[in-house]
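Report on the following structure.
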Number of protein chains: 2
Amino acid sequence: MSSSKEKRDYIQNVSYDSVIFGFNGSQLKILVLEYHNTGYFALPGGFVKMDQSLDDAVKNGVSQRTGLQDIYLEQFYTFGSLERSDPKIMEKILTENNLDLEQHQWMLGRFLSIGYYALINYEEVSLRPDELSDSINWYSIDELPPLMMDHKKMVDKALEVLRVNLDRKIVGTNLLPQKFTMRQLQEVYEAILGEKIRRTTFQRKMLSMEILVRHEKLFQGKAHKAPYLYSFK
Amino acid sequence: MSSSKEKRDYIQNVSYDSVIFGFNGSQLKILVLEYHNTGYFALPGGFVKMDQSLDDAVKNGVSQRTGLQDIYLEQFYTFGSLERSDPKIMEKILTENNLDLEQHQWMLGRFLSIGYYALINYEEVSLRPDELSDSINWYSIDELPPLMMDHKKMVDKALEVLRVNLDRKIVGTNLLPQKFTMRQLQEVYEAILGEKIRRTTFQRKMLSMEILVRHEKLFQGKAHKAPYLYSFK
DNA sequence: CATTATTGTAACAAAATGAGACAATAGCTT
DNA sequence: AAGCTATTGTCTCATTTTGTTACAATAATG
């Protein structure tokens, strides 16, 4: 970790973790990073600077890892149990990165972590691992590697909140390209809910909500009637 | 503040605030406290000890103020903007309580605050103001005194989340006595939603959910047919 | 130019909800 | 004791929403 990560610059014992959702056309995926030489898989997270708002801290962290601006973020839960923190795991991460334990003692303590989920356009990201990580990659939500500490719980909770929000907030905007077909939108919903939706009912419901603009038809080169393209109002 | 509130015992720059809901039979109310000699009205809040889970910290704080055990709590949001903290307000509270500013410097910093709401039985509480407060009292949610800092926003957010949760979690259990009439339950719903509900539709819906047990009739001494009593399964 | 897969919408069925009506009844008034 | 009043529990019918099936439209394919 660079010298910029001085203890006194950051709020102590507080972190954030992000569940960054993307949609590859058929599956819902999230970003998972792997720490150098440890075999530890984790959610992208970070700390909050003393003079920085929580939202900004998360926004910056997600921006840096994805190369995106204007990220759609929702806070979903704050994790505050004592068991969630594990100094041994943090210690291994630090030593494997040749960081001075003494100087980074503060990272071994107990942490509250605020969970945010992001919805981003899978196509547009340019992934950049941070200093501590070997890699950052997409994983299907039902084929995740074993995540360290309580990060799997975080994913579950994020998904739970996302599903509840699905009826109340517009979700497709951020997971799909600007223009999309009704089928693509349906596939996003199916991936999030983890179940099939009846086509005609879904179409009727979406159209009746009056949140979509219908555009010209797409000539998609398939051997059947071409669908309309839509965008959100 | 007592000598027990040493800086190093607590997580720095983190607090919790609680929106404690009760139902007096017709209105939804919350608990608001008033700091000594300041005119500041605030939500009951506190800090998290280093070796204490977040949930426990809140549970203890709410228990102490209400005298209740087994409190129903839901975390609803974490507030993390920079503007929310106001050292001048904290300073006044400390000086009016004859507390040493030097020693309590840490309270003047910037705070993240985790919001929880509680649902409690209005009848059973025995209110106890904390050391810094003159009083703790019930206020109707639409007749609140001016609350300090962002505490009004917290109440609004708590209510918003409570309303969303109303369809998904059982709420009456905690705001009503063990046994209650259908009308009482309806009044709780109406108070939370802030609108009238159709009686017959509400009754049909509640009965069809199969979450209620019907008991003997109540002889309530009113000049009309006696209603059944219900409890939650 | 018929075939194929998919799309958009119509049509009907089933379920959920809205709205009103009515009989039952506990205590009050005579 | 008989009738009155307010409220309760339930039923019925209307309306709206959702589930299900059907079918015509149509872009590429062979």
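Just so we're on the same page: letters track the sequence lines, and every chain starts at 1. Bear in mind the structure is a predicted one, so any value in this text is a computation, not a measurement.
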Grab the [atom1]-[atom2] distance between [X] and [N] for me, whole Å please.
X	N	atom1	atom2	value
B:E216	D:dG9	CD	P	13 Å
B:Q186	D:dG9	CD	P	11 Å
A:R198	D:dA22	CZ	C1'	13 Å
B:L212	D:dG9	CG	C1'	14 Å
A:D167	D:dT18	CG	C1'	14 Å
B:H215	D:dG9	NE2	P	13 Å

- Query: Is the A:F232 ring parallel, tilted or perpendicular to the A:F180 ring (thresholds 30°, 60°)?
  - Reply: tilted
- Describe, in one word, how the ring planes of A:Y122 and A:W138 are oriented to each other, choosing from parallel (under 30°), tilted (30 to 60°) and perpendicular (over 60°). tilted
- Query: What does A:R204 touch in the nucleic acid at a heavy-atom separation under 4.0 angstrom: a base, only the sugar-phosphate, or nothing?
  - Reply: base
- Would you classify A:T181 as touching base, sugar-phosphate or nothing, given that sugar-phosphate means primed atoms plus P, OP1 and OP2, and contacts are heavy atoms under 4.0 Å? nothing
- Of B:K222 and A:H224, whose closest DNA chain C nucleotide lies nearer the 5' terminus? A:H224
- Could you pick out which residue, B:K205 or A:L229, lies toward the 5' side of DNA chain C when each is mapped onto its nearest nucleotide? A:L229
- Among B:V171, B:L159, B:I192, which one satisfies side-chain contact (heavy atoms from CB on, under 4.5 Å) with B:F21? B:L159
- When you measure from the side chain of B:Y228, which nucleotide among D:dA28, D:dT10, D:dG9 comes out closest? D:dG9
- Message: Taking the nucleotide of DNA chain D with the nearest heavy atom to each, does B:R214 or A:K225 sit closer to the 5' end?
- Response: B:R214
- Query: Can you check side-chain contact (heavy atoms from CB on, under 4.5 Å) on B:N165 and B:F76, steps first, answer last?
  - Reply: CA-CA 10 Å; B:N165 285 173; B:F76 67 88; over 6 Å; no
- Verdict with reasoning, A:I89 to A:T38, per side-chain contact (heavy atoms from CB on, under 4.5 Å): CA-CA 9 Å; A:I89 289 181; A:T38 58; over 6 Å; no
- Can you tell me if the side-chain N/O atoms of B:R199 get under 4.0 Å from OP1 or OP2 in D:dT8? no
- Is there a donor-acceptor pair closer than 3.5 Å between any side-chain N or O of A:Q184 and the backbone N or O of A:T181? yes
- Message: Quick check for you: name the first and last nucleotides of DNA chain C, 5' to 3', having an atom under 4.0 Å from a heavy atom of chain A.
- Response: C:dT4 to C:dA11
- Given the rule in the side-chain contact (heavy atoms from CB on, under 4.5 Å) test, do A:V161 and A:Y77 qualify, once you have shown the distances and angles that lead to the verdict? CA-CA 9 Å; A:V161 175; A:Y77 198 71; 6.0 Å; no
